[in-house]
Amino acid sequence: MSEGVQGSGRGDIVVVGAGIIGITAAFRLQQAGRRVLLIDERGVAEATSAGNAGALAFSDVMPLASPGIIRKAPKWLLDPLGPLTIRPGYALKIAPWLWHFYQASLPSRFWHSMLAQVTLMRLARTEMDDLASAAGVAGMIRSDGVLELYESEAEWKRSLPGWQARQSEGIGFRHIKGEEIGALQPGLSPRFTHATFVPGWQTVSDPRDFAKALFAAFEQLGGAFRQAKVDAIQPAESGADLVLDGGGRLRAGHVVLAGGAWSRPLAAGLGDAIPLETERGYNTTLPPGAFDLKRQLTFGGHGFVVTPLTSGIRVGGAVELGGLELKPNFRRSEAMLRKASSFLPGLKTEGGRQWMGFRPSLPDSLPVIGRATASPSVIYAFGHGHLGLTQSAATARLVVDLILGREPTISLKPFRPGRF
């Protein structure tokens, strides 16, 4: 026999995964009048949602798999501490994902993915504004813009096609140089000769605090949380069953799988072989006051950002494709911090806290949003890469549309589970 969710009935919903995607979906479903149980093995916002860079990166529409990236990748991969790396022992295991990544980098597929990303980002912006107001967290969002920095005119010129593509989709920005860079961020090294300022870029005061505040709003509406590990999701006559570690079972009218980097085996058990990998992101959070940082700074040529948070100055980013089992390589955090101290000469690098998290990454940089093959009662909402916070409100809107039987606000075809 299966235990019911907060009682019994087809209206009950279990959301698997208490990261920012799961929390946001749970809040919106509870707000829509459904009875929701949020379940996670680790707790609320205890994984990637706790330590990310805190950006609402609505202009970040360029997929990682872009034309020409295969030519650049070998150079990056030779540097074990560079912007993109794969440990030699993991290369064979990740080979199928890399094949999908190569296919996604072909020009026609790249543009298809970018246009889908643009559409999702437009929805993300409007939905985040509404969500923040409804949950009472609007005061935790900062609208300071972002400064993307280049060390030469040649590097800046190489970025222009990407900016032209953004401009064609109505994304606002302006290119600057010289004294104007220093006015937007005093104390930068003079090595940065050119920059692009994106005024519409936003950050949250702290990603863990933001997620916890959304969870509190969910609880205030009557939502519930249970800390447990889900071993399997199985179709049932009137919904789905969740098999818990230790042998317990839950019956729900609908299940939302929002388990981030841990979603792949649960989806496989439902008949969907989804090529989900992990972008292992590293950072160091320095104490408040380590630098007078005016806004988020992006060092694209080096693959990391520096972000002002209430908890301190966070230096992090880069991509290590390495799955869930390899031990962290905190030399990557140290390498980024060394670079940051040379880029921001007044940066105080003492007293930092290192962190590593798992970004759930799909080869085309688009998430999976849609129904499971084995059961229309199971909805997938995972694979957002480094854009989970940014796209959380949009994903929640689409999940609610599916569960309430409404026509989705945007086409879900680019995000369908079977696209690979």
Side-chain angles (χ1 to χ4, degrees), residues 2-40 44-45 49 120 123-138 140-141 210-228 230 233 235-242 249-259 367-372 375-382 388-389 391-412 415:
S2 294
E3 172 189 351
V5 179
Q6 301 180 60
S8 62
R10 296 187 63 175
D12 299 331
I13 300 168
V14 174
V15 177
V16 179
I20 190 63
I21 298 293
I23 293 169
T24 307
F27 171 77
R28 283 304 207 187
L29 287 164
Q30 192 75 27
Q31 191 183 34
R34 310 307 288 262
R35 292 179 297 169
V36 184
L37 172 66
L38 187 60
I39 188 168
D40 194 291
V44 176
S49 296
L120 187 59
L123 180 63
R125 177 178 284 281
T126 57
E127 286 295 318
M128 181 56 77
D129 288 344
D130 186 72
L131 171 78
S133 177
V137 298
M140 301 179 77
I141 297 177
F210 187 78
K212 295 279 191 182
L214 281 174
F215 175 75
F218 162 69
E219 283 194 309
Q220 288 171 3
L221 292 176
F225 173 74
R226 178 170 175 175
Q227 188 164 349
V230 177
I233 303 170
E237 186 176 346
S238 57
D241 284 348
L242 294 95
R249 296 176 74 91
L250 286 173
R251 169 67 55 83
H254 285 90
V255 174
V256 179
L257 177 53
V368 166
I369 305 172
R371 299 186 189 276
S375 173
S377 298
V378 180
I379 309 298
Y380 294 150
F382 61 84
L389 174 60
Q391 297 176 343
S392 57
T395 303
R397 170 62 185 272
L398 296 169
V399 167
V400 173
D401 287 345
L402 288 169
I403 289 180
L404 298 188
R406 305 187 304 215
E407 182 69 22
T409 309
I410 63 175
S411 172
L412 292 181
F415 313 104

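- Sorted by first then second residue, the salt bridge (Lys or Arg N to Asp or Glu O under 4.0 Å) pairs that include residues 16-26, not counting sequence neighbours, number zero.
- Evaluation of the side chain to side chain donor-acceptor pair (under 3.5 Å) rule for Thr126 yields no partner, not counting sequence neighbours.
- Looking at Leu402 and His254, their side chains never come closer than 4.5 Å, going by heavy atoms from C-beta outward.
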Pair up each side-chain donor or acceptor in residues 20-28 with any protein partner under 3.5 Å, not counting sequence neighbours, and list the distances.
residue	atom	partner	partner atom	Å
Thr24	OG1	Ile20	O	2.6
Arg28	NH1	Gln31	OE1	2.7
Arg28	NH1	Asp130	OD2	3.4
Arg28	NH2	Asp130	OD2	2.7

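- Looking at Leu37 and Asp12, their side chains never come closer than 4.5 Å, going by heavy atoms from C-beta outward.
- Partners of Arg125 by salt bridge (charged side-chain N to carboxylate O under 4.0 Å, His left out), not counting sequence neighbours: none found.
- Partners of Phe210 according to the ring-ring contact (aromatic ring centres under 6.0 Å, His included) rule, which considers only residues two or more places apart in sequence or in another chain, do not exist here.
- At least one side-chain heavy atom of Ile39 sits less than 4.5 Å from a side-chain heavy atom of Leu250.
- Here the closest heavy-atom approach between residue Leu389 and residue Met128 is recorded as O-CE, 3.7 Å.
- For the pair Leu123/Leu398, a side-chain contact is recorded, criterion being any heavy-atom separation below 4.5 Å from C-beta on.
- If you run side chain to side chain contact (heavy atoms under 4.5 Å, CB included) between Val256 and each of Ile403, Val14, Val16, only Ile403 comes through.
- Proximity of Arg35 to Ile13: side-chain heavy atoms (C-beta onward) are nowhere separated by under 4.5 Å.
- Side-chain contact check for Arg406 versus Arg397: some heavy-atom pair is nearer than 4.5 Å.
- Remark: Ala124 pairs with Phe58, Ala394 by the side chain to side chain contact (heavy atoms under 4.5 Å, CB included) rule, at least two apart or across chains.
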